[in-house]
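In what follows, a single structure is set out as structure tokens and then discussed.
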Amino acid sequence: MRIDVISLFPDFIAQCAAFGVTGRAVERGLLSLHAWNPRDHAEGNYRRVDDRPFGGGPGMVMLIDPLRASLAAARADDPAPARVIYLSPQGAPLTQAKARELAGQERLVLLCGRYEGIDERFIEAEVDEELSIGDYVLSGGELAAAVVVDAVARLQDGALNDAESAVQDSFEDGLLDCPHYTRPVEHALGAVPAVLMSGNHAEIARWRRQQSLVRTLQRRPDLLDEAALSKADRKLLDAWRTRQAG
Ligand SMILES: NC(=O)c1ccc(NCc2ccccc2)nc1
């Protein structure tokens, strides 16, 4: 998978992707990252990349032409078709399902806005979809782009080892993860749940699934509504409710 990032801070994404799973995915050739800086494509001796907003108001808006030239440079570098994604608070929410969809793409171009954003005409002409990593405003789209890079990199075949893919799997079914424990068994902060020490793997799997279901019910009931629960899942939730009521 190839990801091109258009950003005024090209090193930012390269640094974010240089560590851990994403760094390994790049090393293994599962993912290639390329950065394009609109300032390199800006005209005039001030090499402007932004200007005042028409209609007045505070802040600056990123100019069309340096962005357009950056995208053209990315396409000239590799003719492979790409999905152009603009990271902004006005975008559709990034979910694990969306990350899975993007991870299946051959190529993404991630457009990072600064200031108040970019000229709407460029969005209409060149952007395939706007994505938001959450309902908050950041000083630039770079952190949001780094989140997308991380989320899709870990979904590339061969990116995760067995332990890491276990984490991934626990979120794949749309539920929250169960609690985790490690040494020591006894600690001033409490003991490890006995079931995890039982060696009874069926019982352990049952307990973990029940914990995921209950946590999701308690913390994110919206996710529970969307999750496709099995009959066994419903029985686990009912058993917990009964125990709570008792
Ligand atoms: N929630 C997000 O995903 C996000 C993305 C970018 C961003 N800041 C850059 C920007 C500001 C205004 C308009 C367009 C882009 N803040 C938050």
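Ligands are counted one by one from 1 in listed order, and the atoms in each one are counted from 1 as well.
Ion pairing between R48 and D51 holds under the 4.0 Å rule for side-chain N and carboxylate O. Remark: K98 engages E129 in a salt bridge, criterion side-chain N to carboxylate O under 4.0 Å. A salt bridge links R107 with D4: the closest approach of a Lys/Arg side-chain nitrogen to an acidic carboxylate oxygen falls below 4.0 angstrom.
Judged by distance alone, the side chains of S198 and E203 never bring a donor and an acceptor atom under 3.5 Å apart. Between D162 and S165, the side chains place no donor N or O within less than 3.5 Å of an acceptor N or O (distance only, hydrogens not considered). H180 and T182 are not linked by any side-chain donor-acceptor pair at a separation below 3.5 angstrom, with hydrogens and angles left out of the test.
Geometrically, ligand 1 and Y136 share a nitrogen or oxygen pair separated by less than 3.5 Å. The distance criterion of under 3.5 Å between nitrogen or oxygen atoms is met by S132 with respect to ligand 1. For L138, a nitrogen or oxygen atom sits less than 3.5 Å from a nitrogen or oxygen atom of ligand 1, counting backbone and side chain alike.
Here the protein heavy atom with the shortest distance to atom 14 (C) of ligand 1 is Y86 OH, 3.0 Å. Among all protein heavy atoms, the one lying closest to atom 3 (O) of ligand 1 is I133 N, 2.8 Å. Ranking the protein heavy atoms by distance from atom 11 (C) of ligand 1 puts Y115 O, 4.0 Å first.
Close approach to G113 involves these atoms of ligand 1, each under 4.0 Å from a residue heavy atom: 9 (C). Of all atoms in ligand 1, numbered sequentially from 1 with element shown, those under 4.0 Å from a heavy atom of G141 are 6 (C), 8 (N), 9 (C). Heavy-atom contacts of A144 reach the following atoms of ligand 1: 3 (O) (cutoff under 4.0 Å).
In the candidate list L143, V61, L87, L87 is nearest to atom 6 (C) of ligand 1, counting heavy atoms. Considering G140, G134, G91, S88 only, the shortest heavy-atom separation from atom 5 (C) of ligand 1 involves S88.
Proximity of E116 to ligand 1, defined as any heavy-atom pair under 4.0 Å, is confined to the backbone N, CA, C and O atoms.
In this structure a side-chain-to-backbone donor-acceptor pair under 3.5 Å is missing from Y46 to E43.
By the 6.0 Å contact criterion, CZ on R68 is open, its count of non-hydrogen atoms from other residues, nucleotides or ligands being 12 or less.
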